[in-house]
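What follows is a single structure, written as structure tokens, with notes after it.
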Amino acid sequence: MMAKGLAYRKNAVVNWDPVDMTVLANEQVIDGRGWRSNALVERRELTQWFFRISDYSGELLAALDGLTNWPEKVRVMQANWIGKSRGLQFSFTTAGAPEGFDRLEVYTTRPDTLLGASFAAISPDHPLAKHLERHDPALAAFVAECRKGGTSAEALETAEKRGMDTGIRVLHPFDTTVELPVYIANFVLMDYGTGAIFGCPAHDERDFEFAVKYGLPIPSVFVAEGTEEAPLAAAYVPMKSEPVRYIRGFAGPDLQTGEQAVAAAIAHCESVGVGRGVTNYRLRDWGISRQRYWGCPIPVVHCDTCGVVPEKKENLPIELPYDVTFDIPGNPLDRHPTWRNCACPKCGAPARRETDTMDTFMDSSWYYARFTAPRAKTPTEADEAAYWMNVDQYIGGIEHAILHLLYSRFFARAMHKTGHLPETAIEPFNALFTQGMVTHEIYKTSDANGRPVYHLPEEVENGCLIANGAPVEIIPSAKMSKSKKNVVDPMHIIASYGADTARWFVMSDSPPERDVEWTASGAEASHKHLARVWALCSRIGEMPADHVGIGDDDLARATARAIADITRSVETFAFNKAIAGLYGFTNTLSRANCSTSAMKEAIRTMAQLMSPMTPHIAESIWSYQGGQGLCATAPWPVADPALLVEDTVTLPIQINGKRRAEISVPKDMPTAEIEKIALADEDVVKFLAGQPVKKIIVVPGRIINVVI
RNA sequence: GCGGAUGUGGCGGAAUUGGUAGACGCGCAGCGUUGAGGUCGCUGUUCUUUAAUCGGAGUGAAGGUUCGAGUCCUUUCAUCCGCACCA
């Protein structure tokens, strides 16, 4: 990746997790907190390894359209995260700026509002700000204050717009006699665009708030169609698709939409040599350095003469040392006595290994590709990768919508570029399904100081602690979390009910994309059902071989129906419906008194239909009832189409849309005849009470509606 | 604020995509078995009225389209999720 320019080192302000003592990528910071530790993230400047995911911003965004079997929600989230915008980048000529800062580069998505500019502002992290703070203590104090600002959602929401005039001026690109003050402002992000903006208070809420606070002019650029210019009480920010009347426009007609005006403004500016149209993305490069032990070592070597050199391929992978201790915070690799020592792959001189390790998302970004050739000496094998890729159906939680799934899409492209995957595999997951979580109630009491104390589900019975009978507060179901103790240990479930019960219950109640609440009663019900199935199996097993019952044909029909319904449900991921169908089929079979061979046949089919949910009991039934080989490898049952056809159908009869009667007729009876029978029906005659029939609608196989 | 989704019995949820609303399960009630309880079996269970039927109402709310609406359209309310100083 280094050779292909996909990996590089840079000095960057990074998100520092003070609990995990490591850096995080932007995506891994949620509401200002580490995605894993939940600690407030700080900003630090460090030299770090990055992957050039941002080179792929446009492609990763455009390719989302092709992922038609991905949930819309995930595609929208990724599109928002990539955050494409089209705008103008240009530079102001400065006046009174230090040497080397005679131009100030800014980016705007609203170049049509250039004549509404009343100030310019730079980020506290902008190079100019950093230069100035070295010479101006007051300004340095202000910048430090800005950097300290909390990064939590609340802090950002309530943060006041603050700025400090640098004394520097910029000249308006269209009229150099107009000078605008340059502020350092806390709300300008270094990460986005150029880290510098021009402020147009009339048409931007942030700029408006700022201009009011610092007494800056607020000239309107456009007004609503059919109105005149008037002092503004708030920024006027209509939809870009809405036509407005430009009073300080400079490109395009007076009456045009924001979109049209932006396009015209970019074209005009380019033609007069003021900047150029630029497409910007919010997506930042992926910072992959971690200062911890648990991650793959970054396979590079630092040599005093050769610099940063990639390790030789034959030495890969670099393995972590086993003799490490975790008694002191920080990176154990840093203080390991010998692991760091190595030879420079280029000149052979003594050198040092990189002690940063890789983000663990690295591993999940390509494991699917490695699975195509798990024992290969190289990362993948071309033939195997071409044969197995892509993943037909990928299943994961919605929490991976951005992190894992975006990294994987990038990594597959990187692996293609480095020759490890074919071009057809750059979108690794053909179809995506996001399943819900298993949730549980939370049981809470308070300690003597009023602090909350949480209790495990097995410590609670009937709303009270088993230990001392104290009542607990029950908080509605939430995602299982160790801190809230609303977790059910899978080993407990398996110990008390078995794995089949756990699987059956988790899939039985809710559609798989939705959360399912784990309840003891629900698990018990599943357990009882499987016990019932086993009892039924035993009963059938003990039937005399020559037993001749009744209704073999009906059972064959019911079996065919079950095969058809349950197969369709499983194929559409409607496992809760599949299980409902299995309940129904079990009831049918329990009540049946057919011949032994028919009963055996039916329960073997039932074992097969159950096997995706409850593989263990399915195999037991299968072998007990004389199934050949493994149930899991037997061909999936196919419903005989002839048995799915009903000879007679029951048709409800509605009168003016209300169901009043029903009739049974042969399946293929002509409509005219059905009408005759319907109108002759005793209940229908009673309801009609002699009134004339205006219209009669017969939907074959469905319903009859009589209109009076 | 922007974007997306979801509202159906006491509860989780079905409804073949415009055609019998409430499948299946939980819970609850009754009966039986056991008999201390639980287990197990059977029956019932949207609400309302009724001895029971018959009937009436009913899919967050209000309108509309249609022979017919949980499903389509308009308005509205509520809840959940994502994003949010992105220039």
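A, B, ... follow the sequence lines: proteins, then strands. Residue 1 opens every chain.
Listed by first and then second residue, the salt bridge (Lys or Arg N to Asp or Glu O under 4.0 Å) pairs that reach into residues 568-583 of chain A come to none, sequence neighbours excluded.
Taking side-chain N and O atoms only, A/Tyr107 has no distance below 4.0 Å to OP1 or OP2 of B/rA87. Of the side-chain N and O atoms in A/Arg702, none sit less than 4.0 angstrom from OP1 or OP2 of B/rU20.
Heavy atoms of A/Val699 sit under 4.0 angstrom from at least one base atom. A/Arg110 comes within contact range of the sugar-phosphate backbone alone, with a heavy-atom separation under 4.0 Å but no base atom that close. Residue-level contact check: A/Val188 touches the bases, meaning some heavy atom is under 4.0 Å from a base atom.
Base pairing of B/rG58: no nucleotide in any strand meets the Watson-Crick or G-U wobble criterion (both distances under 3.5 Å).
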Per-pair distances, 0.1 Å, donor-acceptor, side chain in residues 69-77 of chain A, under 3.5 Å, sequence neighbours excluded:
residue: A/Trp70; atom: NE1; partner: A/Phe429; partner atom: O; Å: 2.8
residue: A/Glu72; atom: OE1; partner: A/Arg75; partner atom: NH2; Å: 2.8
residue: A/Arg75; atom: NH1; partner: A/Leu67; partner atom: O; Å: 3.4

Can you give me every donor-acceptor pair (side chain of residues 108-115 of chain A, partner residue at least two apart or in another chain, under 3.5 Å) with its distance?
residue: A/Thr108; atom: OG1; partner: A/Arg110; partner atom: N; Å: 2.9
residue: A/Arg110; atom: NE; partner: A/Asp112; partner atom: OD1; Å: 3.1
residue: A/Arg110; atom: NH2; partner: A/Asp112; partner atom: OD2; Å: 2.9
residue: A/Asp112; atom: OD2; partner: A/Tyr246; partner atom: OH; Å: 2.7
residue: A/Thr113; atom: OG1; partner: A/Arg110; partner atom: O; Å: 2.8

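Counting heavy atoms from C-beta on, the side chains of A/Val706 and A/Gln654 never come closer than 4.5 Å. A heavy-atom distance below 4.5 Å is found between the side chains of A/Trp504 and A/Met610.
Between the C1' atoms of B/rG4 and B/rA21, the separation comes to 28 Å (whole Å). One P atom belongs to B/rC73, the other to B/rA84, and the distance between them is 31 Å to the nearest Å. Spacing of C1' atoms, B/rU39 relative to B/rU53, comes out at 37 Å, to the nearest Å. Nucleotides B/rG68 and B/rA5 are separated by 29 Å at their C1' atoms, to the nearest Å. Nucleotides B/rC80 and B/rG55 are separated by 40 Å at their C1' atoms, to the nearest Å. Taking the P atoms as reference points, B/rA29 lies 45 Å from B/rC83, given to the whole Å.
Paired with A/Ser123 under the rule side-chain contact (heavy atoms from CB on, under 4.5 Å), one option of A/Leu189, A/Ile197, A/Val188 passes, and it is A/Val188.
Of the listed nucleotides (B/rG82, B/rC67, B/rU20), B/rU20 has the atom at the smallest distance from the side chain of A/Glu662. Comparing B/rG13, B/rA87, B/rU20 by their nearest atom to the side chain of A/Arg514 picks out B/rG13.
For A/Gly199 against A/Asp207, the heavy-atom pair with the smallest separation is CA-OD2, 3.3 Å.
Applying the 3.5 Å distance criterion, the base of B/rC83 shares no donor-acceptor pair with the side chain of A/Asn80.
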Every protein N/O lying under 3.5 Å from an N/O of nucleotides 21-29 of chain B:
none

N/O-N/O pairs, protein side and nucleotides 52-56 of chain B side, under 3.5 Å:
residue: B/rG56; atom: OP1; partner: A/Arg660; partner atom: NH2; Å: 3.3
residue: B/rG56; atom: OP2; partner: A/Arg660; partner atom: NH1; Å: 3.3

Quick one, A/Gln89 with A/Glu105, criterion side-chain hydrogen bond (donor to acceptor under 3.5 Å, both in side chains). Give me CA distance, side-chain angles, the key distance, then yes/no. CA-CA 7 Å; A/Gln89 187 165 324; A/Glu105 194 82 7; 3.1 Å; yes
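Under the ring pair (Phe, Tyr, Trp, His ring centres under 6.0 Å) criterion, A/Phe198 pairs with no residue, sequence neighbours left out.
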